[in-house]
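This report concerns only the one structure given below.
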Amino acid sequence: MRTIAITSADILDGVPGDLLAISDLHVGYRDNRAIVESLTPTHPDDWLIVAGDVGERVAHVEWALSTLASRFARVVWAPGNHELWTMTDDPDPLRGEARYLHLVDLCRRLGVVTPEDPYPVWSDGFRSLTVAPLLTLYDYTWRPDGTDDYESAMAAAVAAGVVCTDEMFLHADPFPSRQEWCVARVAETEKRLAALPGDARTVLVSHWPLVREPTRVLRYPEFALWCGTELTADWHLRFNAEVAVYGHLHIPRDIEVDGVPFREVSVGYPREWQPRGRVPGAVRVLEAAR
Ligand SMILES: [Fe+2]
Ligand SMILES: [Fe+2]
């Protein structure tokens, strides 16, 4: 009798890989590092989107993304606020844009796609989708009810005892403020998205949600100040999103805005996911898309 070795690639021959996504891995936590260690593709052509908050240190990002890049056919990364933090005891003291570009260089060495690279096109043989990782930040325009400018909004947040740690660690250098860095990023990103062919369908990937709707369920509504910008409110329509993928809120769920699925794919902190009784994993991003 002849024995033939059959690999998973043989079994799956002709079946397209999947487009998977995860965010907010926060690998500073040991229990979250175990999630990264357990993430494996089920098909050799699976892609993995990592939508920010991998960790606070460059070494965290390097470990997690190199682990994942060695397993998945393609890894696409969009930065979160935690990657952009400069902690006081960080061996990599780069701040603001220089820190971001240092992470971009690291990703390129690892073969991971960043917002600075040509947007890759994912295809299952029937449809082609441009996967666009974005860095858009926030500009304090998602203000609490009863406030109408930055000062009154921040005063309301301070009074409520809600101030994001970004205020201490996320520096905007060389921009004068986080708002101005956000406006510059939005303008630059908008230009790139507008240059795509008019009929291109997209998967928009950002750490901060592009629309405000997902923040309506925040326990502390003032926190929305650090979650996005009005400047991207119509991008899912203007740039033909098949689906928008985001993280940051640590409220993993699917919603629909103007008929477009928005999927939060965050893991969050162990104290958040452990009480749910199951270990979070990567999400098939096109499952809810039509
Ligand atoms: Fe996070
Ligand atoms: Fe975040």
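By convention here, the first residue in the shown sequence is residue 1. Whatever order the structure lists ligands and atoms in, that order sets their numbers, starting from 1. As a basis for the values below, the full set of heavy atoms in this structure was taken, side chains included, without hydrogen atoms, waters or symmetry mates.
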Check all N, O or S atoms of Asp24 and name the one closest to the Fe ion (ligand 1). OD2
For Arg219, I'd like to know if atom CZ has over 12 heavy atoms of other residues, nucleotides or ligands within 6.0 Å. no
Got a sec: is Asp53 within less than 2.8 Å of the Fe ion (ligand 2) via an N/O/S atom? yes
Is the Fe ion (ligand 1) less than 2.8 Å from at least one N/O/S atom of His82? no
Examine the side chains of Asn32 and Trp273 and answer whether a donor and an acceptor come within less than 3.5 Å of each other. yes
Working to 10°, measure the angle at the Fe ion (ligand 2) formed by atom OD1 of Asn81 and atom NE2 of His207. 90°
Arg71 side-chain N/O to Leu39 backbone N/O, donor-acceptor pair under 3.5 Å: yes
Shortest-distance N, O or S atom of His26 relative to the Fe ion (ligand 1): NE2
Tyr140 side chain to Arg178 side chain, donor-acceptor N/O pair below 3.5 angstrom: yes
So does His248 have any N/O/S atom less than 2.8 Å away from the Fe ion (ligand 2)? yes
Look at His250 and state whether any of its N, O or S atoms is less than 2.8 Å from the Fe ion (ligand 2). no
Against His250, only a single residue in His26, His82, His207 fulfils ring-ring contact (aromatic ring centres under 6.0 Å, His included); can you say which? His26
Is the backbone N or O of His102 less than 3.5 Å from a side-chain atom of Asp105, with the two atoms forming a donor-acceptor pair by type? no
